[in-house]
Protein chains: 2
Amino acid sequence: MKQQRMTKQKQLVQRIVQSHHDHPTADQIYLEVRAIDNRISRGTVYRNLEQLSDAGIVLQVKVPGPNRFDCRLDYHYHVICNNCGAVFDLPLAYQDELDKKVSKTTGFQIDRHRTIFEGLCPTCKEKQEQETPKD
Amino acid sequence: MKQQRMTKQKQLVQRIVQSHHDHPTADQIYLEVRAIDNRISRGTVYRNLEQLSDAGIVLQVKVPGPNRFDCRLDYHYHVICNNCGAVFDLPLAYQDELDKKVSKTTGFQIDRHRTIFEGLCPTCKEKQEQETPKD
DNA sequence: ATGGGTGCAAAGTGTTTGCAAGTAT
DNA sequence: ATACTTGCAAACACTTTGCACCCAT
């Protein structure tokens, strides 16, 4: 792997990602970074996010729509609201044994698995119930 | 929901999707459909795939990269090869009880979850071992 | 000084959409 | 006849990339 240098852009991107406990998209990070230094480009933010995730400093959460970034490093599961797009961490243990099982039954080398729950968050659920009270 | 009509384009798209037991992307389906009737447009294929999945006739598999389509209707899990992109079904039971658990602990209304295993398929694993024999 | 990093804009990938003409109902 | 569908091309959302200059090492 290529030797990496620390730049103020990279520092800033890292600081912003790590300040989040939700799961921002690259573009949200870009906007926040941009609010601090308005000369940083989208390309730089994408490149730095990629480096950070290659380096294992942040993880990517692959959900429908744009990818999101997460500063939690342990494998864990997520839930996404189909209505507002909010993503939350779940307090469920990562099921290590599934990786072994799949590896054994398929012959794949399994690195990990990702589990995404889909549904409606409490807020959107309530809103929807109000719109169609007894339907 | 809007009243739907059966057209020969829709029929053809459905036939092609259902002839697959792998997990073709929209574009692969487009190419096959196109081989049979070269006047069908990409837009039509995308629109029909969307209709079919709204109607519950096919399911979408959301993996990194382009979405894929699957004519199996029961919820099940997938494994994707990080190298060649191949996607396979897994013989693992869908964990219903997880949906209930997450619903209870988060207040979300959970519709389902998706689990994708990531790794290297036997073929790519072998190829990689040959390239770096003792490294 | 060297070569990785940056800003910019252009290009790339995958998907959606507006429109006028076509067609299933 | 009505209104859903089509083909086409343009637009869209997200991401990657080529290039000349910049700056951390």
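Fair warning: this is a prediction, and the values are worked out from it, not measured in the lab. Per chain, numbering begins at 1; letters A, B, ... match sequence-line order.
A donor-acceptor contact closer than 3.5 angstrom is absent between the side chains of A:His21 and A:Asp70. With 3.5 Å as the limit, one finds no donor-acceptor pair spanning the side chains of A:Gln9 and A:Thr44.
Taking the side chain of A:Arg5 as heavy atoms from C-beta on, and the options D:dC4, D:dC23, D:dC8, the nearest nucleotide is D:dC23. When distances are taken from the side chain of A:Lys10 to each of C:dG14, D:dT2, C:dG5, the shortest belongs to C:dG5.
Between B:Gln51 and D:dT5, a side-chain N or O to OP1/OP2 separation shorter than 4.0 Å is present. Considering only side-chain N and O atoms, B:Gln9 lies under 4.0 angstrom from the phosphate OP1 or OP2 of D:dG7. Listed pair B:Tyr46 / C:dT15 meets the phosphate criterion, a side-chain N or O lying under 4.0 Å from OP1 or OP2. Taking 4.0 angstrom as the limit, A:Thr7 places none of its side-chain polar atoms (N or O) nearer than this to OP1 or OP2 of D:dA24.
Residue B:Arg42 contributes atom CZ, which lies 18 Å from atom P of D:dA11 at whole-angstrom precision. Computed from coordinates, the A:Asn67 CG to C:dT13 C1' distance equals 14 Å when rounded to whole Å. Remark: C1' of D:dC4 and CE of B:Met6 are 13 Å apart, rounded to the nearest angstrom. When rounded to the nearest whole Å, the span between CD1 of A:Ile29 and P of D:dT15 equals 10 Å. For A:Arg68 and D:dA13, the CZ to C1' distance is 14 Å, given to the nearest whole Å. The NZ atom of A:Lys8 sits 16 Å away from the C1' atom of D:dT25 (whole-angstrom rounding). In this structure, B:Arg39 places its CZ atom 12 Å from C1' of C:dA21, rounding to the nearest Å. With rounding to whole Å, A:Asn48 atom CG is found 8 Å from C:dG5 atom P.
Comparing A:Asp37 and B:Thr25 against DNA chain C, the residue whose closest nucleotide sits nearer the 5' end is A:Asp37.
Judged by distance alone, the side chain of B:Ser103 and the main-chain N or O of B:Asp99 form no donor-acceptor pair under 3.5 Å.
Under 4.0 Å is where a charged nitrogen must lie from a carboxylate oxygen, and between A:Lys8 and A:Asp37 no such pair does. A salt bridge between B:Arg42 and B:Asp27 is present, with a side-chain N of the basic residue lying under 4.0 Å from a carboxylate O of the acidic one.
Counting distance only, with no hydrogens placed and no angle test, the side-chain atoms of A:Arg47 and the base atoms of C:dG4 include no donor-acceptor pair under 3.5 Å.
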